[in-house]
Amino acid sequence: MPAQRLDGKETARLIRLELSNRVSALREVRGKAPGLTAVLVGDDPASAIYVRNKEKAAREVGIEGTVHRLPASTSEAELLDVVDRLNADPAVDGILVQLPLPDQIDPNRVIDRVSPSKDVDGFHPENVGLLAIGRPRFASCTPLGVIELLRRQGIETKGKRAVVLGRSNIVGKPMALLLLQKGAVGDATVTVCHSESREIPEIVREADLLIAAVGRPEMVRGNWIKPGAIVVDVGIHRRADGSLCGDVVFDEVAEVASWVTPVPGGVGPMTIAMLLANTVASGELAAGIRP
Ligand code: NAP
């Protein structure tokens, strides 16, 4: 039986509606909307599009979204100075520095400089550490979006065998940590694979839940999937003909899995929704009304 689709687009729309209400409540308490500032260095076209989409999504839920644009020649010291000013600005609840940064800037120094209480990307070592010890504050938006998508669909991961393909700091590692948290969408038995892992298809065949985040177009084939497994495809790639695909062969996987995320319309919209959710949560924490 073909798999059901895990609809990230519709789920993200519902989350944005809820966030609009939380923004209104926050506005009443504080007299101002939560603020999200994106810092964009240079003129990478893909980064410019990502930042514009985030700013637009923020404004749609009532968040004060702004973009701080800096030239490609910006030095590390200049960027750190901007981050310091945003850290000190009470109108700013969330800061995101769009990656990648130009070569002269060490991204780790910038990630470390963002105030952990405004780090809505969840990249700061303090927030990663809190996640690792089971006290999450801000978790990375893409894996957080995966968890929220499963949770809202009523899919439990408790006791399930989960395989995460990829170990990046942005997706794979925080994904594994989230699936290890206690709770209905956690409590999984987690295996993480990477480019040096052996016998990946055999490992994937044991997965009740597969999260594919390898960044390799259509690497995961239908015959890797355990019948009835849940498959979440984080990958996003543009084919030569302009169409999009993920890290799994969608048509093959959909024949075997019970649930599968489409690309586009799966994890992507959830990522942006979680950025907004983290920003609202940051405002609520600052106002002392975090539920
Ligand atoms: P990344 O930093 O390139 O990490 C890829 C990971 O996959 C690495 O851990 C790498 O292993 C592993 N890997 C690469 N080739 C492999 C192979 N043949 N077999 C096993 N493991 C392999 O990528 P990322 O930032 O995590 O992103 C992953 C994908 O998700 C990309 O397609 C990206 O565009 C997409 N993405 C989507 C969203 C969204 O909102 N939808 C957000 C973020 C990312 P090593 O560590 O050994 O190198």
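All ligand and atom numbering here is 1-based and tracks the order in the structure. We use all heavy atoms of the structure for the numbers below, so side chains are in, but hydrogens, waters and symmetry mates are not.
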- More than 12 foreign heavy atoms under 6.0 Å from NZ of Lys9: is that the case here?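 Incorrect, the count does not exceed 12.
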- Considering residues, nucleotides and ligands other than Glu202, do more than 12 of their heavy atoms fall under 6.0 Å from its CD?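 Yes - once you tally the heavy atoms of other residues, nucleotides and ligands closer than 6.0 Å, there are more than 12.
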Please list the nearest protein heavy atom to [atom] with its residue and the distance rounded to 0.1 Å.
atom                    : answer
atom 15 (N) of ligand 1 : Arg216 NE, 2.9 Å
atom 2 (O) of ligand 1  : Ser168 CB, 3.4 Å
atom 42 (C) of ligand 1 : Thr142 OG1, 3.2 Å
atom 31 (C) of ligand 1 : Gly215 CA, 3.6 Å
atom 21 (N) of ligand 1 : His194 C, 3.1 Å
atom 44 (C) of ligand 1 : Val171 CG2, 4.0 Å
atom 39 (C) of ligand 1 : Thr271 OG1, 3.7 Å
atom 46 (O) of ligand 1 : Arg167 NE, 2.7 Å

Any atoms of ligand 1 less than 4.0 Å from a non-hydrogen atom of [X]? List them with their elements.
X      : value
Gly268 : 40 (O), 41 (N)
Gly235 : 29 (C), 30 (O), 32 (O), 35 (C)
Gly166 : 6 (C), 7 (O), 9 (O)

- Task: Tell me, with the steps shown, if Arg13 and Glu60 meet salt bridge (charged side-chain N to carboxylate O under 4.0 Å, His left out).
- Result: CA-CA 11 Å; Arg13 189 185 68 78; Glu60 277 168 12; over 6 Å; no
- Message: Using every non-hydrogen atom in the two residues, find where Pro269 and Ala12 come nearest and quote the distance to one decimal.
- Response: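 Smallest interatomic distance, heavy atoms only, reads O-CB, 3.6 Å.
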- Rounded distance (nearest 0.5 Å) linking atom CG of Leu165 with atom OG of Ser195: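 Going from the CG atom of Leu165 to the OG atom of Ser195 covers 12.0 Å.
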- Met219 near ligand 1 by a heavy-atom separation under 4.0 Å: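 Yes; Met219 lies near enough to ligand 1 that a heavy-atom distance drops under 4.0 Å.
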- Does ligand 1 have any atom that is closer than 4.0 Å to a heavy atom of Ala213?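 Ala213 counts as a contact of ligand 1 under the 4.0 Å cut-off.
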- Measure from the side-chain N and O atoms of Gln181 to the backbone N and O of Leu131, and report whether any donor-acceptor pair falls under 3.5 Å.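 Checked: pair present.
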- Query: Between Arg238 (side chain) and Gly242 (backbone), is there a donor-acceptor pair under 3.5 Å?
  - Reply: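 The answer is yes, because a donor-acceptor pair under 3.5 Å joins these two groups.
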- Message: Are Leu36 and Leu275 packed together at the side-chain level, in the sense that at least one heavy-atom pair is separated by less than 4.5 angstrom?
- Response: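 Result yes, sub-4.5 Å side-chain heavy-atom pair found.
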- Message: Quick one, Arg239 and Glu218 - any side-chain contact, counting heavy atoms below 4.5 Å?
- Response: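 With C-beta onward as the side chain, the pair touches.
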- Hey, looking at atom 33 (C) of ligand 1, which of Ile200, Val214, Ile236 has the closest heavy atom?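 Comparing heavy atoms across Ile200, Val214, Ile236, the nearest one to atom 33 (C) of ligand 1 lies in Ile236.
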- Item | Among Val220, Val234, Asp247, closest by any non-hydrogen atom to atom 36 (N) of ligand 1 |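 Answer by nearest heavy atom: Val234.
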- Query: Is there at least one protein heavy-atom neighbour under 4.0 Å from atom 48 (O) of ligand 1?
  - Reply: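 Yes, because at least one protein heavy atom sits under 4.0 Å from atom 48 (O) of ligand 1.
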- Item | Region of His237 that comes within reach of ligand 1 [heavy atoms, distance under 4.0 Å] |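 Near ligand 1, His237 shows its side chain, while the N, CA, C and O stay back.
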- Query: Among Leu210, Leu6, Val231, which one satisfies side chain to side chain contact (heavy atoms under 4.5 Å, CB included) with Val260?
  - Reply: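 It is Val231, the one option of Leu210, Leu6, Val231 that forms the side chain to side chain contact (heavy atoms under 4.5 Å, CB included) with Val260.
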- Message: Using the rule side chain to side chain contact (heavy atoms under 4.5 Å, CB included), only one of Asn169, Val128, Ile170 pairs with Phe123; which is it?
- Response: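 Single pass found, and it is Ile170.
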- ligand 1 to Ser195 polar contact by distance, N or O atoms, under 3.5 Å: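 Yes: some nitrogen or oxygen of Ser195 is under 3.5 Å from one in ligand 1.
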